[in-house]
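Structure, as structure tokens:
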Amino acid sequence: TGALGKANGVESMIKLARACEQAGGEIQFLIAGEGSEKKRLEEMASDLGNMRFLPVGDKAMMQRYFSLADAAYISFASVPVLETTSPNKFFDSLAAGKMIIINIPGWIRQITENAGCGFYLNPADPEGGAKMLKALANNPDRVKEFQRQARHLAEDQFEREKLCKQIVSLTTAINGRS
């Protein structure tokens with residue numbers, strides 16, 4: 001879900017979908033987004049039977065899309081500055097309790113792996129990624145554990161009320177020092 005621009009590196013997901021289709025199996029890929037690369041990406045994926053582009057809608061529709069998914073693929077182009085990004089789709093995916101698959105290094109990869117809510121797939125190795133996804137498709141308990149950990153991470157570190165209290169505490173501490 002989300003933006004389909006050059007920075008998003010969605011080509012890696014299409015290459016992964018192609019590798020999964022060639023490996024056989026039931027893994028499906030859904031994309032709901034808009035952006036400057038959408039038409040090119042749709043053309044690139046036009047021959048794939050396991051990838052669909054869905055219409056973008058309001059928050060309720062996007063929540064329905066999340067309910068269809070076992071995992072969220074967080075994708076960015078391989079540009080070092082993007083390793084520092086904080087995409088909404090990451091936080092939405094955690095809140096929805098979805099296993100996280102990430103294609104870039106950086107803080108999101110670290111927190112995903114440390115929390116046990118997902119893993120990194122090297123965008124330069126779609127065949128290796130397809131093998132990993134196929135193994136997970138045959139291990140639903142492992143997927144459920146990733147999902148439980150995603151929801152736990154959302155509640156433990158990114159719950160709005162906790163973050164507000166931290167901001168108030170930090171602001172109070174800074175103002176007390178002035």
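Residues take their numbers from the sequence shown, with the count starting at 1. All heavy atoms count here, side chains included; hydrogens, waters and symmetry mates do not. Note that the coordinates shown come from a computational prediction; the quantities given were computed from them, not determined experimentally.
To the nearest 0.5 Å, the span separating OG on Ser93 from CG on Leu153 amounts to 11.5 Å. Atoms CE and CE, from Met51 and Met44 in turn, are 9.0 Å apart once rounded to the nearest 0.5 Å. Within the model, atoms CG of Leu136 and CD1 of Ile101 stand 7.5 Å from one another, a figure rounded to the nearest 0.5 Å. The CD atom of Glu43 lies 10.5 Å from the CD1 atom of Ile14; values are rounded to the nearest 0.5 Å. In this structure, CZ in Phe146 is found 11.0 Å from CD1 in Ile100, a value given to the nearest 0.5 Å. With rounding to the nearest 0.5 Å, the separation of CZ in Arg148 from SG in Cys117 is 13.0 Å.
Leu30 and Val143 fall into different hydrophobic clusters, where Ile, Leu, Val, Met, Phe, Trp and Tyr residues are linked whenever their side-chain heavy atoms come under 4.5 Å apart, directly or through other members. When hydrophobic clusters are built by joining Ile, Leu, Val, Met, Phe, Trp and Tyr residues whose side-chain heavy atoms come closer than 4.5 Å, directly or via intermediates, Leu48 is grouped together with Leu4. Residues Phe91 and Met62 are members of separate hydrophobic clusters, defined by side-chain heavy-atom contacts under 4.5 angstrom among Ile, Leu, Val, Met, Phe, Trp and Tyr. Under the 4.5 Å side-chain heavy-atom criterion for grouping Ile, Leu, Val, Met, Phe, Trp and Tyr, Val79 is connected to Ile104 within one hydrophobic cluster. Phe53 and Leu16 end up in the same hydrophobic cluster when Ile, Leu, Val, Met, Phe, Trp and Tyr side chains are linked at under 4.5 Å.
Taking the side chain as every heavy atom from C-beta outward, Asn103 and Asn122 never approach each other to under 4.5 Å. The shortest side-chain heavy-atom distance between Ser12 and Phe76 does not fall under the 4.5 Å cut-off. Side-chain contact between Met13 and Phe29: present, with at least one pair of heavy atoms (C-beta onward) separated by less than 4.5 Å. Residues Leu54 and Ile31 fail the side-chain proximity criterion, which asks for heavy atoms closer than 4.5 Å. Leu41 places none of its side-chain heavy atoms less than 4.5 Å from the side chain of Lys38. Looking at Asn50 and Arg18, their side chains never come closer than 4.5 Å, going by heavy atoms from C-beta outward. You'll find the side chain of Phe66 reaches within 4.5 Å of the side chain of Thr1, heavy atoms only.
The backbone N or O of Leu82 sits nowhere less than 3.5 Å from a side-chain atom of Thr85 that would complete a donor-acceptor pair. Judged by distance alone, with hydrogens and angles left aside, the side-chain atoms of Asp125 form no donor-acceptor pair with the main-chain N or O of Leu121 at under 3.5 Å. A side-chain donor-acceptor contact under 3.5 Å links Asn114 to the backbone of Gln110.
Checked for salt-bridge contact, Arg109 and Glu113 meet the test: a charged N lies under 4.0 Å from a carboxylate O. One finds no salt bridge joining Arg142 and Glu145 here, because no Lys/Arg side-chain nitrogen approaches an Asp/Glu carboxylate oxygen to under 4.0 Å. With salt bridges taken as basic N to acidic carboxylate O contacts below 4.0 Å, one links Asp92 and Lys59.
Relative to the six-membered ring of Tyr65, Lys98 misses at least one condition, a distance below 6.0 Å or an angle of at most 45° to the axis.
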Does the pair Glu11 and Glu37 meet the rule for a side chain to side chain contact (heavy atoms under 4.5 Å, CB included), with working shown? CA-CA 10 Å; Glu11 299 87 356; Glu37 296 292 295; 4.1 Å; yes
Given salt bridge (charged side-chain N to carboxylate O under 4.0 Å, His left out), test Arg151 with Glu155 step by step and report yes or no. CA-CA 6 Å; Arg151 183 63 190 169; Glu155 292 171 355; 2.9 Å; yes
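For Ala115 against Gln149, the heavy-atom pair with the smallest separation is O-NE2, 3.1 Å. Minimum heavy-atom separation, Lys15 to Pro126: O-CB, 3.6 Å. A pairwise comparison of heavy atoms in Thr112 and Phe119 identifies CG2-N, 3.7 Å as the closest pair. Of all the heavy atoms in Cys20 and Leu133, the pair that sits closest is SG-CD1, 4.0 Å. Residues Ile74 and Pro87 share a closest heavy-atom pair of CG2-CG, 4.1 Å.
Within 6.0 Å of the CZ atom in Arg40, the count of heavy atoms belonging to other residues, nucleotides or ligands exceeds 12.
Of the N and O atoms on the side chains of Ser75 and Asn8, not one donor lies less than 3.5 Å from an acceptor on the other residue.
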